[in-house]
Amino acid sequence: METRHRQARALGPCERYSSSRHALGFYKCVINTCRYTVPTSGVQGQSVYEVFERALASVVLGIPSLRVGIKDEETSSPYFVFLSAISLHLHLEYHEVSKDLDVELIQKLEHQHDQYFPDISSRPPWKVIIVSTPHPANGVLAFDVIFAVHHSIADGRSTAAFHTKLLNELACPSVRPIQLSGHVLSLPPSQQLSPPLEEVVAFKQSWGFVLGTLFRELGPAWLSRPSKAIPWTGKLITPEPFQTNLRLIVVPAEVAPSVLAICRQHGTTLTPLLHSLVLASIAKLVPAKYAQAFCSSTPIDLRPYISDRPPSGKPGALFGVLVTTQAHHFETHEIHGDRDEDDIWKTAVSLRGRMKKHLETVPKDDIISMLSWVTDWRKYWLSKIGKPRETTWEVSNIGSIHGIPGGSHLQPGWQIRRSIMSQGATVAGAAIGVNVAGVAGGDICISLSWQEGIVETDLVEGMVLDLQRWLGQLGRGEKLAWK
């Protein structure tokens, strides 16, 4: 068991934002699930568990963030602690299933998103779950590898870095690490944890931005009346029931390149297109008397803004929480009336322009730089209960993973065939999460997530049908059919 620990550093403001949500049960983890394949000869004479345990041990030794616990998470002053050892059998599970792998996967993801990480002061808050069928297909084994991690130590891009590192370790197996004895991984006594976001990105704040943000958050309601229509964001914030629902959309490898190509032809990208398609879908599914406005958001990767970035090839150096967000408001005139394909592209292009304009200002006057002003996150989150949430949906796109080890095409062996990024119920966040991930040359996977009771299941399933149909039509070069 992991019992001894040494203080590493205090959590930064962005990390405390996430740790406070975990402590309250408002958000439990972020998950990236990759489907690995390997010829049966690649694991001949070895148990699957042993193969993954050896590779996982090497990954953990290379990424310091996976070797820490969190002390005093329920307080306003949590801090990371270095652990002397990790009992990997507490963090690695292997399951064989007899039914359809995708059906089993969605159920396991929904369950895992609802779980607290236990004993996080003495155990690192992450878990790997391997799900497979007992029999190979055409001489090839397939495994869904679920990597669930506390959002204070990893963001979506970090989960992709984890899988890239794990793939390379599986494909180029070294000898069993000498630090691994039985199932216990001994950790080096000398360790260094990457600094928090606020120390590696040079945020700049104008007084106008600071005062305006504080006034909107803390000023009297009668002076803070919105000039825009109030967006529909599902039901009021409530921590109960904390139950995650997930649905999956797959854009097959056969049509995914065409979807990306048509985005480029229109001068936009996949993320703005998804915002536009979600807007078109949700506007027809929510009754018009409620759908006067919507608000969405897009997480933004801050790695390009890090000063003194580490050399490439060291995923651990860029492993952490390095993200901000941008909000998008859609007013009544953008929602109602007859819509056609031109309107979809008009909205997507407009959003792309707004995103580019926003990126030109980062990291000046960025909302993430204001998190340090919140001194009591527990009080902040509890004050949200019973109030409307700010965001209708969020589109989080972590990009694509190279499914070939080292990015080469030299020899057949271990590969990643697909990647699914998912987030669980977010008590005080967006009503619907739209999470996007892909594999270069492969499928694009989109998971939709929501908290039970916040939006109707029929609404989300209607969105799934719309998005699956429209993305397929775009990929095949067809006109969009609205019904």
Side-chain angles (χ1 to χ4, degrees), residues 9 11-22 26-34 59 62-68 70 73 78 80 109 112-113 117 120 124-128 146-166 193-201 203 271 297-306 309-310 314-327 359 362-363 366-369 371 377 391 394-401 419-426 429-430 433-438 445-447 449:
R9 64 168 174 81
L11 273 67
C14 187
E15 295 161 340
R16 291 197 299 271
Y17 169 93
S18 288
S19 68
S20 61
R21 293 190 299 170
H22 181 267
F26 277 31
Y27 183 103
K28 304 289 181 60
C29 66
V30 59
I31 295 179
N32 191 334
T33 304
C34 286
V59 172
I63 302 179
S65 296
L66 299 180
R67 308 196 298 259
V68 297
I70 302 176
E73 182 184 53
F80 291 116
L109 290 177
Q112 188 59 43
H113 273 299
F117 288 106
I120 63 172
W126 56 264
K127 191 171 190 177
V128 173
I146 300 168
F147 175 54
V149 62
H150 194 301
H151 214 339
S152 286
I153 65 173
D155 57 14
R157 287 286 173 91
S158 297
T159 65
F162 170 88
H163 279 291
T164 297
K165 178 70 171 171
L166 181 62
L193 190 62
S194 299
L197 165 67
E198 294 77 13
E199 293 183 18
V200 296
V201 175
F203 291 110
T271 299
S297 64
T298 306
I300 298 170
D301 184 22
L302 287 174
R303 286 164 179 79
Y305 303 92
I306 294 175
R309 278 186 286 167
K314 294 184 178 180
L318 291 176
F319 199 98
V321 186
L322 302 161
V323 67
T324 184
T325 189
Q326 180 186 6
L359 290 174
V362 176
D366 191 273
I367 190 63
I368 206 75
S369 67
L371 297 184
W377 278 107
T391 309
E394 173 188 273
V395 176
S396 180
N397 185 350
I398 64 170
S400 61
I401 292 175
S419 172
I420 302 171
M421 204 269 278
S422 59
Q423 300 189 75
T426 307
V434 181
N435 308 287
V436 189
C445 293
I446 305 168
S447 71
S449 57

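Only a predicted model underlies this, so the values are computations on that prediction, with no experimental measurement involved.
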> Donor-acceptor pair, Glu15 side chain versus Val321 backbone, under 3.5 Å?
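Such a contact is absent between Glu15 side chain and Val321 backbone.
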> Between Arg67 and Leu193, is there a donor-acceptor pair closer than 3.5 Å when you use the side chain of the first and the backbone of the second?
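No; zero donor-acceptor contacts below 3.5 Å.
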> Please identify each residue that fulfils side chain to side chain donor-acceptor pair (under 3.5 Å) with His151, with sequence neighbours left out.
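None.
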> Do any N or O atoms from the side chain of Asp155 and from the backbone of Leu322 form a donor-acceptor pair under 3.5 angstrom?
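Looks like yes, one N/O pair under 3.5 Å.
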> Is a side-chain N or O of Arg303 found less than 3.5 angstrom from the main chain of Leu318, in a donor-acceptor match?
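It does hold such a pair.
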> Evaluate the side-chain proximity of Val149 to Phe162: yes if any heavy-atom separation is below 4.5 Å, no if none is.
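Of all side-chain heavy-atom pairs linking Val149 with Phe162, none is under 4.5 Å.
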> Is a donor from one side chain sitting under 3.5 angstrom from an acceptor on the other, for Asn397 and Thr271?
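Yes - a donor-acceptor pair under 3.5 Å links their side chains.
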> Would you confirm whether His113, through its side chain, and Ile31, through its main-chain N or O, come within 3.5 Å as a donor-acceptor pair?
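No; zero donor-acceptor contacts below 3.5 Å.
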> Any side-chain heavy atom of Met421 within less than 4.5 Å of one from Val30?
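They are in contact (side-chain heavy atoms under 4.5 Å apart), so the answer is yes.
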> Using a 3.5 Å distance criterion without hydrogens, assess whether the side chain of Glu199 forms a donor-acceptor pair with backbone atoms of Pro196.
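Side chain of Glu199 to backbone of Pro196, a donor-acceptor pair under 3.5 Å: no, none is there.
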> Answer yes or no: is there a side-chain heavy-atom contact under 4.5 Å between Arg21 and Thr426?
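Sidechains of Thr426 and Arg21: in contact.
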> Under the 3.5 angstrom rule, does the side chain of Ser158 hit a backbone N or O of Gly320 as a donor-acceptor pair?
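Yes: the side chain of Ser158 pairs with the backbone of Gly320.
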> Does a side-chain heavy-atom distance below 4.5 Å link Phe319 with Arg157?
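Answer no - side chains too far apart.
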> Distance alone, cut at 3.5 Å: any donor-acceptor contact between the side chains of Asp366 and Thr324?
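Thr324 and Asp366 do have a side-chain donor-acceptor pair below 3.5 Å.
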> Hey, can you tell me if Phe147 and Trp126 have their rings parallel, tilted or perpendicular (30° and 60° cut-offs)?
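Tilted: the ring planes of Phe147 and Trp126 meet at 30° to 60°.
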> If only atom types and distance count, is the side chain of Ser369 paired as donor or acceptor with the main-chain N or O of Phe203 below 3.5 Å?
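Flag not set: sc Ser369 to bb Phe203 has no pair under 3.5 Å.
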> Does the side chain of Ile70 reach to within under 4.5 Å of the side chain of Leu11, using non-hydrogen atoms?
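In short, these two side chains touch, coming nearer than 4.5 Å.
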> Have a look at Trp377 and tell me which of Tyr17, Tyr27, Phe26 forms a ring pair (Phe, Tyr, Trp, His ring centres under 6.0 Å) with it.
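Among Tyr17, Tyr27, Phe26, the one that satisfies the ring pair (Phe, Tyr, Trp, His ring centres under 6.0 Å) with Trp377 is Tyr17.
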> So, the side chain of Ser19 versus the backbone of Glu73: is there a donor-acceptor pair under 3.5 Å, distance only?
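Checked: no pair found.
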> Could you check whether any side-chain heavy atom of Ile420 comes within less than 4.5 Å of a side-chain heavy atom of Asn32, counting everything from C-beta outward?
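No, too far: nothing below the 4.5 Å cut-off.
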